[in-house]
Amino acid sequence: MFLKTVGPANAKIMIVADYPTQEEFLTSSPFTNFTFNQIISQSGINRFTCLMTYIIKVYPLKNNPMSYYSSGKFAYPFPELKAWIEDVKREILLYKPNIVIAMGKIALHSLCGKTNLDEFRGYVISGLIPGLKIISTYSIHNINISWDLLHIAIMDFRKALFNSASPESFKDERIIEDNPTAERFISYCNEIIFNPEINKVALDIENIQPGTHITRIGLSHHINFGISFNFCEGGRPVLPPKDELRVWEAINRLVNHKLLIMQNSPHDMGTLWLNNRILCKKIYMDTLIAAHVCFPEFPRSLLFLSSICLNVAPWKKSEKLNEGIYNAIDAANTYGIADVLDKEIDKQKVRKTFDFEMSQIPVALMLQLQGLYVDLEIRDILKDCAFRTSQEAKEGLEKLIGKEINYNSPKQLQKLLYEDLGLPIQYKRRKQVSEPRTPTADAKALERLERMVPDNPLFQLVLIHKKAEKLISSFLDIELSKHNTVHTSYNITGATAPAPNEVLAGNKSFGRWSSNKSIILPYGSGNLQNIPPIARLMYTAKPGYVFVQADYVQAEAVMVAHYSQDRKLIDMFNKSYGLKKSERGEYDLHKLTYAWMYQMNWQDVTKEQRRIGKTIRHATSYNAGAGVIADQLKCSVQDAKYYLSTYLAMCPQLAVWHRSIQNELRVSKVLTNAFGRKHCFLDRWGDSLFRSAYAYKPQSSVGDLLNMAMTKFYQQYGEEFSICLQLHDAFYVKIPTDKLKVVVNKMKECMKIPIIVNHETFYIDVDFKIGDSWGDMKEYEI
DNA sequence: GCGATCACGTA
DNA sequence: GTACGTGATCGCC
């Protein structure tokens with residue numbers, strides 16, 4: 001029995017999905033699954049006006065649709081599937097819908113012959129049937145695995161609805177100049193400069209990696225126009241230096257006269273500055289930032305943004321477009337996206353957040369270009385030391401187990417622990433109980449095993465060895481620039497993770513910066529926000545200079561106190577605000593936490609008890625379970641449960657706050673932090689959504705707070721005093737030692753920013769530390 | 001060579 | 001517990 005096509009013969013939209021769900025098949029009720037209902041109802045399409053069918057008309061064997069192909073590739077369908085595909089094509093010819101929505105890779109390939117869904121998703125393309133418009137989107141199966149995709153599919157359905165009015169395919173009216181002469185390109189720049197009606201220009205560069213040599217520059221002043229100038233051919237400059245200079249001069253004039261639109265402007269700005277000393281000052285919009293502010297949870301590539309903002313043809317390098325056309329279309333689409341996002345920013349009322357993120361561009365760019373200096377001597381000492389430690393541990397292990405294995409290989413280590421030594425298998429923590437248990441040999445597992453098998457040095461030796469190896473490979477053995485600096489690219493919009501496969505990775509980004517390897521100055525391991533304390537020692541201020549670190553004290557805890565309206569805690573923070581470190585004794589948060597839990601005097605709290613208080617407070621703010629607390633405190637789960645219940649009894653507000661977040665989510669999936677930053681949570685309803693949501697407001701508010709302070713400092717004093725690091729709730733400057741007092745006061749002034757939560761205004765205290773080396777910072781009292 | 005997986009560093 | 005990025009290994013092509 002096969003599922004038949006349903007719907008009216010005069011349908012304008014036809015939906016072709018890969019295959020039915022098991023229930024749809026067993027009950028003979030096509031297109032009734034929950035996910036599909038969500039998509040079609042939220043897209044505004046009336047399902048009774050659509051023809052709907054499947055390519056594979058049964059529930060596939062072993063839930064594996066690829067079993068209908070003779071190889072892993074789509075190229076060789078078995079006869080049964082071949083016949084089904086022909087059926088669908090016949091129906092399309094018979095009913096002549098204006099547009100077909102292909103849900104999933106199999107539908108896309110069957111109707112269009114394309115295999116890469118990510119490249120064509122959301123674009124109206126023509127298929128194997130002449131004159132037919134097709135738009136592809138994710139399959140129900142994909143969406144069920146990754147719920148984020150639901151919202152993208154809804155947008156794709158809306159686009160299909162928009163395109164279903166007529167069978168006509170849209171006309172590409174774009175004018176693309178992919179290889180203008182230098183004269184033509186210069187005259188284009190001049191035309192723009194002297195045309196008072198044009199005030200914005202989109203700019204996009206192409207360069208050779210590694211390095212920063214610019215091969216092309218694309219410009220656009222209209223969605224239907226793109227021009228790309230070619231500087232290089234076969235690795236050689238196209239023009240004699242004198243003529244090339246004239247082109248650069250024209251570009252320089254242009255960027256000084258018009259507002260610029262770019263996708264990921266720090267990259268293009270950095271490259272233009274390093275290569276050509278062209279400084280782009282007037283940035284109207286970075287489309288990456290605009291997209292982050294409007295759709296923080298979506299991918300932000302140009303291809304994706306074009307698919308949701310524009311009605312244009314897909315364009316992609318793999319289509320073997322010539323580089324010039326590609327570059328020119330990049331620029332044109334960037335221009336078009338900016339127009340759409342501009343309206344979206346106002347529609348969503350997020351202009352303030354957008355302006356704030358845009359204001360961070362100069363300081364992020366400066367930090368990337370400036371880099372951080374490394375003392376070679378100290379690095380070599382650290383390297384030697386770590387190497388010796390690692391070797392000693394390795395030799396000890398060899399004696400102990402009588403053979404050599406690679407401890408960096410989880411596989412080999414697991415074999416040693418659980419097969420050769422027969423120790424009890426340790427499992428990874430699962431997100432859901434329904435997930436299968438996977439064995440692990442990570443540090444936590446080793447520590448647990450150590451507690452089970454005392455007096456065996458094996459575990460400590462493995463831990464020491466692995467730690468030293470990690471230290472060397474990730475943090476010490478890094479490539480330096482010729483000035484002995486490392487560089488990191490700070491991402492204002494947070495996560496850069498692109499889609500790894502057809503199921504897009506979630507772009508979370510809570511407004512904190514992230515940092516990764518700089519493409520334009522590829523030195524260092526890249527991320528400067530995860531350097532361990534020991535490796536920080538090699539980052540030094542030069543003689544006569546000193547690092548100043550300013551960090552917000554207990555910032556997330558203060559935010560949580562206000563959000564959860566924990567009066568006792570708020571009062572404590574209010575009283576301790578502005579006190580010197582030495583005067584803060586009676587306001588030690590963690591000691592007080594333990595004292596409140598067990599009704600004792602804070603003076604009597606021991607160091608160990610303080611540690612418990614600290615761990616419990618931090619973990620419970622974000623709804624951690626007893627297992628996690630047990631691992632952190634290295635105690636039994638039983639004890640952890642006891643601490644947990646004692647804490648929650650002492651602090652009932654916390655559970656109330658968590659419930660209020662859940663209620664907020666129920667009303668709308670959009671949460672807003674203390675500074676108006678919005679985030680839409682797209683995860684499935686459940687614990688993982690809740691935990692992520694609990695973390696959002698405190699974490700993103702602190703991120704915004706620090707970035708506000710740092711940007712303010714940069715704007716006012718950046719020329720004089722150099723900022724050198726951003727670490728989520730702290731920033732560092734490197735200054736001449738004699739300027740210490742002045743700078744600390746200025747930092748303090750910039751960091752005093754009022755925060756309003758629940759109609760109460762408060763400030764978060766700032767601590768200062770100074771040192772010659774980042775790894776050796778001492779308290780500094782003003 | 002490339003991508004998935006594991007592991008692990010920070011706030 | 002959340003957020004993030006990088007490096008080593010290993011299986012696949």
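Chain identifiers are assigned alphabetically (A, B, ...) following the order of the sequence lines, protein sequences preceding nucleic acid strands; residue numbering begins at 1 within each chain.
Within 4.0 Å (heavy atoms only), Pro439(A) reaches no atom of the nucleic acid at all. Ile531(A) comes within contact range of the sugar-phosphate backbone alone, with a heavy-atom separation under 4.0 Å but no base atom that close. Within 4.0 Å (heavy atoms only), Arg536(A) reaches sugar-phosphate atoms of the nucleic acid but no base atom. Using a 4.0 Å heavy-atom cutoff across all strands shown, Arg691(A) reaches sugar-phosphate atoms only and no base atom.
Applying the ring pair (Phe, Tyr, Trp, His ring centres under 6.0 Å) criterion to Phe762(A), with sequence neighbours excluded, gives His562(A). Residues forming a ring pair (Phe, Tyr, Trp, His ring centres under 6.0 Å) with Tyr552(A) (at least two apart in sequence, or on another chain): none. Thr353(A) pairs by the side-chain hydrogen bond (donor to acceptor under 3.5 Å, both in side chains) definition with nothing, not counting sequence neighbours.
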Let me have the donor-acceptor pairs involving side chains of residues 652-662 of chain A, under 3.5 Å, with sequence neighbours excluded, atom names and distances please.
unit_1, atom_1, unit_2, atom_2, d
His658(A), NE2, Ser621(A), O, 3.0
Ser660(A), OG, Trp657(A), O, 2.7
Gln662(A), NE2, Tyr694(A), OH, 3.0

Which atom pairs, one a donor and one an acceptor, fall under 3.5 Å between side chains of residues 517-531 of chain A and the rest of the protein, sequence neighbours left out?
unit_1, atom_1, unit_2, atom_2, d
Lys517(A), NZ, Gly524(A), O, 3.3
Ser518(A), OG, Gln368(A), OE1, 2.8
Ser518(A), OG, Ile520(A), N, 3.3
Ser518(A), OG, Leu521(A), N, 2.9
Asn527(A), OD1, Ser515(A), OG, 2.6
Asn527(A), OD1, Gln529(A), N, 2.7
Gln529(A), OE1, Ser515(A), N, 3.1
Gln529(A), OE1, Ser515(A), OG, 3.4
Gln529(A), NE2, Gln726(A), O, 3.3
Gln529(A), NE2, Gln726(A), OE1, 2.8

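Within residues 440-448 of chain A, the residues approached by DNA chain B to less than 4.0 Å at the level of any non-hydrogen atom are Thr440(A), Ala441(A), Asp442(A), Ala443(A), in residue-number order.
In this structure, Gln554(A) places its CD atom 13 Å from C1' of dA11(B), rounding to the nearest Å.
Look at Arg429(A) and Asp442(A) and you find no salt bridge, because none of the NZ, NE, NH1 or NH2 atoms lies under 4.0 Å from a carboxylate O.
One can find a donor-acceptor pair under 3.5 Å joining the base of dG9(B) and the side-chain atoms of Asn530(A).
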